[in-house]
Amino acid sequence: MNKVSLKTGHFLSVTDVTPAELQALIVYAVELKAKGWTNLLKNKILAIMFEKPSLRTRVSFEVGMKQLGGQAIYLSPAEVGLGQRESVRDVSLVLSRFVNGIACRTFAQQNVIELAKYGSIPVINALSDAEHPCQALADLLTIYEHKGQFKGLTMAYIGDGFNVANSLVIACGMTGMNFTIASPDGYTLQPDYVKTAKKYAKASGAKITLVTDPREAAQKADILYTDAWYSMGQEAEAKIRRKAFAGYQINEKLLSYARKDAIIMHDLPAHHGEEIAEGILYAPQSVAFDQAENRLHAQKAVLAGLLG
Ligand code: CP
């Protein structure tokens, strides 16, 4: 097994890896998944510093470090007060004296950028307002396991053009997978993410398309992907968003537009009856729980590459 070195020394964005490194991380994750427990990160410690709740990300980082022979320390928002009790710069300088890496879930991408800028250890974005690169990596691993390829496939992303979609559109552009997002007016991807994805797509041959009609996106899609209509921190907007996204649900009807062998993806947690119809998450086409498991294997590839 050859660990994959990441060009920037951090994983704050999917753009921190080259398309070749992204593909290599998937191959490495497959190998690590088959191998299980190793000693690749013996005597290494990861600080897991979260400003928001988490099930999958926290558990997969903790278990991942243990399976790699290392350890993890969880730091809650109350303990750290990132940028409030103490400046991000000082937190980064202090943690650099104690641990070998930081996985940070934060409300602001600027925080992970500053952690990486001022500290001397690798920083991993465990979800910010801009991106969820670890999720995108696990999603690619899941697609690879179920479809055996990326090039030529079409992902239809139904919903909010926010952090998860930002990382996915770039990942699709890098791997040659077509990406069509269907969002209501005012909720599509930000232009800079589209521009970045299209830059990669030019080399890979992927098509990046923005539409408003979910049926148009789902037409002949290989993958139907959705995420919650409102993210952590957007709960106050829930009523407005439920109204805006009504009609953007993955259900049997929408699935009928996709290819017969299409898979359904959701990064979880799900709001059953909102972005995904009741019961669909447990349908044979759903790979949502494979995605959840693959957080572990994909992140182990990143951890070994950055901390090893
Ligand atoms: N998908 C995801 O990031 O899940 P958690 O919020 O539970 O970590």
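For ligands, and for the atoms within them, numbers begin at 1 and follow the listed sequence.
Using a 4.0 Å cut-off between charged nitrogen and carboxylate oxygen, K33 and E145 count as a salt-bridge pair.
Here the protein heavy atom with the shortest distance to atom 7 (O) of ligand 1 is L55 N, 2.7 Å. For atom 2 (C) of ligand 1, the closest heavy atom belonging to the protein is R295 NH1, 3.4 Å. Looking only at heavy atoms of the protein, atom 4 (O) of ligand 1 is closest to R56 NE, 2.8 Å.
For Q71, the CD atom is loosely surrounded, since the number of other residues' heavy atoms within 6.0 Å does not exceed 12. Annotation for D261: atom CG counts as buried by contact number, over 12 foreign heavy atoms lying within 6.0 Å. Within a 6.0 Å sphere centred on CD of E252, heavy atoms belonging to other residues, nucleotides or ligands number 12 at most.
Both cation-pi conditions hold for R105 and F50: the charged atom is under 6.0 angstrom from the six-membered ring centre and inside a 45 degree cone around its axis. Taking the ring axis of Y74 as reference, the NZ or CZ atom of R58 stays within 45° of it and closer than 6.0 Å to the ring centre.
Geometrically, ligand 1 and L268 share a nitrogen or oxygen pair separated by less than 3.5 Å. Any N or O atom pair closer than 3.5 Å counts here, and T57 shares at least one such pair with ligand 1.
Close contacts of ligand 1 with D267, meaning ligand atoms under 4.0 Å from a residue heavy atom, involve 1 (N). Of all atoms in ligand 1, listed by their number and element, those nearer than 4.0 Å to a heavy atom of Q135 are 1 (N), 2 (C).
Assignment of L127 to the shell around ligand 1 is not supported, since no heavy atom sits closer than 4.0 Å. Within the structure, ligand 1 has H132 among the residues with a heavy atom less than 4.0 angstrom away.
Counting heavy atoms closer than 4.0 Å to ligand 1, residue R105 contributes side-chain atoms (C-beta onward) but none from N, CA, C or O.
Remark: of the listed residues R295, Q299, R56, R295 is the sole one forming a side-chain hydrogen bond (donor to acceptor under 3.5 Å, both in side chains) with Q135.
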